[in-house]
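Just so it is clear, the model here is predicted, and its values are computed rather than measured. Throughout, a chain's letter reflects where its sequence line sits, starting with A, and its residues are numbered from 1.
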There are 2 protein chains.
Amino acid sequence: MADTYEKPSVTVDVLIFTVQENKLKIILVKRAIEPFKGSWAIPGGFVHKNESLEEAALRELSEETGVRDVYLEQLYSFGDPKRDPRGRVITVSFLALLPSENLKLKGSTDVTDAKWFALNELPTLAFDHKKIVEYALGRLRTKIQYSNITHGLMPDEFRLSELQGVYETILGEKLDKRNFRKKILSLGLLKPTGKMEVEGAHRPAMLYKFKTKETVLFD
Amino acid sequence: MADTYEKPSVTVDVLIFTVQENKLKIILVKRAIEPFKGSWAIPGGFVHKNESLEEAALRELSEETGVRDVYLEQLYSFGDPKRDPRGRVITVSFLALLPSENLKLKGSTDVTDAKWFALNELPTLAFDHKKIVEYALGRLRTKIQYSNITHGLMPDEFRLSELQGVYETILGEKLDKRNFRKKILSLGLLKPTGKMEVEGAHRPAMLYKFKTKETVLFD
DNA sequence: TGAATAGTGTCTTTCAGACAATATGCC
DNA sequence: GGCATATTGTCTGAAAGACACTATTCA
């Protein structure tokens, strides 16, 4: 009976997304120890005694990227008894979104290596991490359609065509420019900065920014 | 350092909903031991060593209701370090939906008492269970608008007016009968059984049933 | 003036929401 | 006939989606 109630370990795994070069990317770390030594895995670690789940996720995020002030959302908890060969480990997964400007990874701490991977070029993943990535991707695709979470992926100021590109990258389909602009502006979440961005041999674009950093659900 | 990584306990809490007499109800259990002895709480318990989170939730559900074949969905994990005065306890919450026919509660096992409570007549709850109930209610309200999860709340065969009543109860507002029927039938998830239900001094109603038990997301 | 991206409006279709009258069965 | 619930359709407004041309800058 005592055996039945043996305590599991609890970890957080943080799925850190960004959009870069029209690709949706995620941070993976190379495992330095067994099991799955040498395999790539979602960054994560044990929840410490006096921190909440979200605090643990923020700490892991900060360890990888040095950034704390990003969009963070709890996703789902994975607790199959056999998901970790070392013993019972339950993990609470989190979704984090980074603007494409903050892409420099910190010199890794307890892992040998950390790298950005395009979602369509993922290596084989350790544990059940493939399933976790798929869950996160599904949530991201669903949620950009009824919320403004893309603000977490954008720099402070951006062109509407950049924002459209982020939507297209995540959804994996082309969107009509006129309809996209009509829709996104009608939501009233963006404001023009008045500044124009001259970027090449073509007409300059107005720079926009989000009015609020808060997450807004449409409808 | 060893202290930092001390393992937490992990529980599941199951929010078991039904609709009865036009009221949305949930099962609560009276705590027989400290802390919060005598207070009402969401039914739940420790995750056993060799069961998944979902299996643990099904076991708790079965202990309370004797029923296993119901809609069950993981909601959210609550892990504030101070949420349980006895020590670190992380809980994974689940939403369960019961048809209004399965309302008899089992003679309680490790708890003194279990009762159905209308959501608008809840007693003071133990731990952070008020917050958990509110989270579940929010999820339920959101999700009935874009999925067929109400099938979990309906008996096998039912009148459209009963289904409409369930929607109205959960959303807390009256719906237009013609628009409701138009919408729900246009989804193509229901089929008429051909049977009529004679129930009183008025015109009998067609009985409908869900074509599939699977959860379907609209759009 | 050619290349590249920015910016803009109309039409059609679909869906949500407001709204009321007739049908059926029991007493 | 009176009562209670079942069943049905139209109109309007809003939003989604298809669709093409002009504007601006630089080389």
Side-chain angles (χ1 to χ4, degrees), chain A residues 19 21-22 100 141-142 144-148 150 154-155 157-169 171-209 216-219, chain B residues 21-22 100 141-142 144-148 150 154-155 157-209 216-219:
Chain A
V19 172
E21 297 161 354
N22 291 328
S100 42
R141 285 205 174 118
T142 304
I144 66 163
Q145 315 212 39
Y146 65 90
S147 82
N148 65 338
T150 47
M154 304 305 293
E157 303 184 343
F158 49 87
R159 291 172 283 139
L160 288 187
S161 58
E162 290 177 298
L163 183 60
Q164 180 176 346
V166 167
Y167 273 85
E168 288 176 339
T169 298
L171 296 175
E173 59 182 344
K174 283 283 172 196
L175 301 176
D176 179 85
K177 197 202 305 190
R178 281 163 297 184
N179 291 337
F180 177 79
R181 296 167 80 98
K182 195 192 337 177
K183 172 86 181 291
I184 206 81
L185 289 175
S186 77
L187 294 172
L189 301 172
L190 301 180
K191 59 179 175 192
T193 62
K195 285 178 261 177
M196 305 294 277
E197 185 174 64
V198 185
E199 188 234 18
H202 55 81
R203 177 173 174 175
M206 174 66 69
L207 291 175
Y208 285 79
K209 63 193 312 180
V216 178
L217 302 182
F218 307 156
D219 287 7
Chain B
E21 297 160 353
N22 291 328
S100 43
R141 286 205 173 118
T142 304
I144 65 164
Q145 313 211 40
Y146 65 91
S147 82
N148 66 336
T150 47
M154 304 304 294
E157 303 184 342
F158 50 87
R159 292 172 285 139
L160 289 187
S161 58
E162 291 177 297
L163 183 59
Q164 181 177 346
V166 167
Y167 273 85
E168 289 175 338
T169 298
I170 294 173
L171 295 175
E173 58 181 344
K174 284 284 173 194
L175 302 176
D176 178 85
K177 197 200 305 192
R178 282 163 295 183
N179 292 337
F180 177 80
R181 296 166 81 97
K182 194 192 336 178
K183 173 87 181 290
I184 206 81
L185 290 174
S186 76
L187 294 172
L189 300 171
L190 301 180
K191 59 179 176 192
T193 63
K195 286 179 261 179
M196 305 293 278
E197 185 176 63
V198 185
E199 189 235 16
H202 54 82
R203 177 173 176 176
M206 174 66 70
L207 290 176
Y208 285 80
K209 63 192 314 181
V216 178
L217 301 183
F218 308 155
D219 287 8

| note | Residue set satisfying salt bridge (charged side-chain N to carboxylate O under 4.0 Å, His left out) with Arg181(B), at least two apart, ordered chain then number -> none
| message | Using a 4.0 Å cut-off on heavy atoms, which residues in residues 157-168 of chain A reach DNA chain D? List them by number, or say none. | response | none
| remark: The side-chain contact (heavy atoms from CB on, under 4.5 Å) partners of Thr142(A) (sequence neighbours excluded) come to Tyr146(A)
| Interatomic spacing from OG1 in Thr193(A) to CZ in Phe158(A) - rounded to 0.5 Å | 9.5 Å
| query | When the nearest nucleotide of DNA chain C is assigned to Asp176(B) and to Leu185(A) on a heavy-atom basis, which residue is associated with the more 5' position? | reply | Leu185(A)
| request: Please round to 10 degrees the angle between the axis of the first five pairs and the axis of the last five pairs in the helix from dT1(C)-dA27(D) to dC27(C)-dG1(D). | output: 10°
| message | Please encode protein proximity along nucleotides 20-27 of chain D as a string of B, S and -, counting only heavy-atom distances under 4.0 Å. | response | B--BBBB-
| request: Could I get the full list of side-chain contact (heavy atoms from CB on, under 4.5 Å) partners for Glu173(A), not counting sequence neighbours? | output: Leu171(A), Leu175(A)
| request: Output all residues satisfying salt bridge (charged side-chain N to carboxylate O under 4.0 Å, His left out) with Lys195(A), sequence neighbours left out; order by chain, then residue number. | output: Glu157(A)
| message | Just the rounded figure in Å: distance from P of dG17(C) to NZ of Lys183(B). | response | 7 Å
| remark: The reported gap from CG in Leu190(A) to CG in Leu185(A) (rounded to nearest 0.5 angstrom) is 6.0 Å
| field | For Asp176(B), side-chain contact (heavy atoms from CB on, under 4.5 Å) partners two or more places apart | value | Arg178(B), Asn179(B)
| query | Which ring pair (Phe, Tyr, Trp, His ring centres under 6.0 Å) pairs, counting each pair once, include a residue from residues 180-209 of chain A, with sequence neighbours left out? | reply | Tyr167(A)-Phe180(A)
| side-chain contact (heavy atoms from CB on, under 4.5 Å) partners for Val198(B), two or more places apart | Pro204(B)
| task | Mind listing the closest non-hydrogen atom pair of Ile170(B) and Arg141(B) along with its distance? | result | O-NE, 2.7 Å
| task | Rounded to the nearest angstrom, tell me the gap between atom CD1 in Ile184(A) and atom P in dA16(D). | result | 11 Å
| field | Euclidean distance, atom CG of residue Leu207(B) to atom P of dA6(D) [Å, nearest integer] | value | 11 Å
| remark: dist Leu160(A):CG -> Lys177(A):NZ (nearest 0.5 Å) comes out at 10.5 Å
| field | Whole angstrom value for the distance that separates P of dG17(C) from CG of Leu171(B) | value | 11 Å
| remark: For Leu189(A) and Phe218(A) the tightest heavy-atom approach is CD1-CE2, 3.5 Å
| task | Using whole Å, report how far CZ of Phe180(B) lies from C1' of dA6(D). | result | 14 Å
| Of all residues at least two apart in sequence or in a different chain, which pass the side-chain hydrogen bond (donor to acceptor under 3.5 Å, both in side chains) check with Gln164(A)? | Glu168(A)
| To the nearest angstrom, how far is Leu187(A) atom CG from dA16(D) atom C1'? | 13 Å
| field | Separation of dA6(D) C1' from Lys195(B) NZ (nearest whole Å) | value | 19 Å
| said: Without decimals, in angstroms, what is the distance between Met196(A) CE and dT5(C) C1'? | reply: 11 Å
| Would a distance-only check, ignoring hydrogens and angles, find a side-chain to backbone donor-acceptor pair under 3.5 Å from Ser186(B) to Lys183(B)? | yes
Set out, line by line, the N/O atom pairs under 3.5 Å between protein and nucleotides 10-14 of chain C.
residue, atom, partner, partner atom, Å
dT10(C), O4, Lys182(A), NZ, 3.3

